[in-house]
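See below for the structure under consideration.
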Amino acid sequence: MILASWNVNSIRARQERLAAWLDKVRPDVACLQELKVVDEAFPHASLEALGYHAATFGQKTYNGVAVLSRTKITRTIRGLGDDDPQARFLAVDVDKLHVLCAYVPNGQEVGSDKWAYKLAWMERLRAFLDAHYSPEDRLVLCGDFNVARDDLDVARPDDWVGSVLCHDDARQRFQAILDWGLVDVFRRQHPGGGLYSWWDYRMLGFPRNHGLRIDYVLATESVAKKCVAAKIDRDERKGEKPSDHAPVVVEFVA
DNA sequence: ATGGCATAATTGTTATGA
């Protein structure tokens with residue numbers, strides 16, 4: 001089974017690239033973030049034509065998450081179960097797997113209101129896991145976490161010391177999510193680091209490979225132990241009109 | 001200290017991202 005996570009940075013701007021990529025990779029499940037579109041304008045028809053069911057939790061202009069699946073989606077939970085108006089979380093069941101798709105807030109600047117919201121949001125995500133699932137479940141939590149876990153996940157760590165992507169307080173919230181009972185399956189496959197999922201559009205970030213790994217596939221151990229391959233599809237950061245994020249693609253055996 | 005690039009709201013400029 002192939003599972004992917006990709007922050008597309010507008011599904012409408014990325015529609016052609018997304019379709020070509022789905023056709024090439026044929027993931028069984030794909031978690032998408034930053035749709036920047038309301039549910040009514042989500043491109044269901046073109047994705048159906050490619051063989052995908054879709055669950056969406058969209059929003060005008062900002063945020064928005066979706067899960068695509070080649071098999072039927074049997075349950076959908078939109079949001080973390082509170083009155084937060086930002087569309088950043090979607091959980092579905094597909095086959096015998098819980099699939100959770102998250103777009104963690106960026107936080108803008110340490111000390112800002114958005115920063116406080118980011119930390120609180122990550123705590124709410126951990127609480128949601130506690131309330132709804134067991135670490136014994138077959139579960140994956142994928143998405144853009146807007147946190148580089150370790151300096152191994154940062155090309156130029158000195159540039160990012162204390163920033164919203166690398167701050168200890170954010171890393172602690174991330175670790176609390178892992179400590180619930182999740183494995184960073186990409187890290188397990190590539191313990192040496194030095195592989196990135198996001199590069200700034202500016203300052204020749206991608207040609208210089210000044211990247212960070214902030215997109216993740218996390219899995220409970222029963223799923224993680226079936227992982228046979230994990231990669232970041234750097235080719236998707238090349239060419240015309242790329243997202244600033246590349247997809248993370250993970251393969252599991254039966 | 002700032003912008004640098006991209007997107008979506010709109011058509012000149014702002015909010016946001018990471």
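Note: hydrogens, waters and symmetry copies are ignored here, and every other heavy atom, side chains too, is used. Reminder, nothing fancy here: chain letters follow the sequence lines and each chain counts from 1.
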### Task
Can you figure out which of dG3(B), dT16(B), dA18(B) approaches the side chain of Met203(A) most closely?
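My answer, after comparing the listed nucleotides, is dG3(B).
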### Query
Side chain of Asp144(A): nearest nucleotide among dG3(B), dA18(B), dT7(B)?
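Looking only at side-chain atoms, Asp144(A) lies closest to dA18(B).
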Contact under 4.0 Å: [X] side-chain N or O vs [N] OP1/OP2:
X         : N       : result
Asn9(A)   : dA8(B)  : no
Lys241(A) : dA6(B)  : no
Arg12(A)  : dA9(B)  : yes
Tyr62(A)  : dA6(B)  : no
Arg202(A) : dA18(B) : no
Asn146(A) : dA18(B) : yes
His245(A) : dG17(B) : no

### Parallel, tilted or perpendicular, as decided by the 30° and 60° cut-offs, for the rings of Trp160(A) and Trp198(A)
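It falls in the perpendicular class, over 60°.
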### Query
Is a donor on one side and an acceptor on the other found under 3.5 Å between the side chain of Thr56(A) and the backbone of Ala66(A)?
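No; zero donor-acceptor contacts below 3.5 Å.
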### Query
Looking across every strand, which nucleic acid part, if any, lies under 4.0 Å from Leu212(A) by heavy atom: base, sugar-phosphate, or nothing?
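Touches nothing.
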### Task
Please work out if Phe145(A) contacts a base, only the sugar-phosphate, or nothing of the nucleic acid, heavy-atom cut-off 4.0 Å.
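The answer is nothing, as Phe145(A) stays clear of every strand by at least 4.0 Å.
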How close or far is atom [atom2] of [N] from atom [atom1] of [X], stated in whole angstroms?
X         : N       : atom1 : atom2 : result
Arg208(A) : dG4(B)  : CZ    : C1'   : 11 Å
Gln33(A)  : dT7(B)  : CD    : P     : 17 Å
Asn7(A)   : dT7(B)  : CG    : P     : 12 Å
Glu34(A)  : dA8(B)  : CD    : P     : 11 Å
Phe206(A) : dA6(B)  : CZ    : P     : 14 Å
Asn106(A) : dA6(B)  : CG    : P     : 18 Å
Gln15(A)  : dA8(B)  : CD    : C1'   : 16 Å
Phe174(A) : dA18(B) : CZ    : P     : 15 Å

### Message
Whether Arg188(A) and Asp184(A) form a salt bridge (side-chain N of Lys/Arg under 4.0 Å from carboxylate O of Asp/Glu) is what I want to check.
### Response
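So Asp184(A) does not pair with Arg188(A) through a salt bridge.
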### Message
When the C1' atoms of dT11(B) and dA1(B) are compared, how many Å lie between them, rounded to an integer?
### Response
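Those two atoms are separated by 31 Å.
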### Query
Taking atom P in both dA15(B) and dT2(B), what distance in whole Å separates the two?
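Between the two P atoms, the distance is 16 Å.
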### Query
Aromatic ring centroids of His245(A) and Trp199(A) under 6.0 Å?
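No, the ring of His245(A) stays outside the 6.0 Å limit from the ring of Trp199(A), centre to centre.
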### Query
Between Phe145(A) and Phe174(A), does the ring centroid distance fall short of 6.0 Å?
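Yes; Phe174(A) has its ring centre under 6.0 Å from that of Phe145(A).
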### Query
When you match Pro105(A) and Ser10(A) each to their closest nucleotide on DNA chain B, which lands nearer the 5' end?
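First, find each residue's nearest nucleotide; the 5'-ward one identifies Ser10(A).
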### Query
Is there a path of hydrophobic side-chain contacts, each under 4.5 Å between heavy atoms of I, L, V, M, F, W or Y residues, that connects Ile73(A) with Leu97(A)?
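Per the 4.5 Å side-chain linkage, Ile73(A) and Leu97(A) are co-clustered.
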### Query
In the single-linkage hydrophobic clustering (I, L, V, M, F, W, Y; side-chain heavy atoms under 4.5 Å), do Leu204(A) and Tyr196(A) co-cluster?
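No: no chain of side-chain contacts under 4.5 Å links Leu204(A) to Tyr196(A).
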### Query
Under the ring-ring contact (aromatic ring centres under 6.0 Å, His included) test, which residues partner Tyr103(A), sequence neighbours left out?
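None.
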#### Entry: Strand-adjacent residues in residues 154-165 of chain A, judged by heavy atoms under 4.0 Å from DNA chain B
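Within this stretch, Leu165(A) sit under 4.0 Å of the strand.
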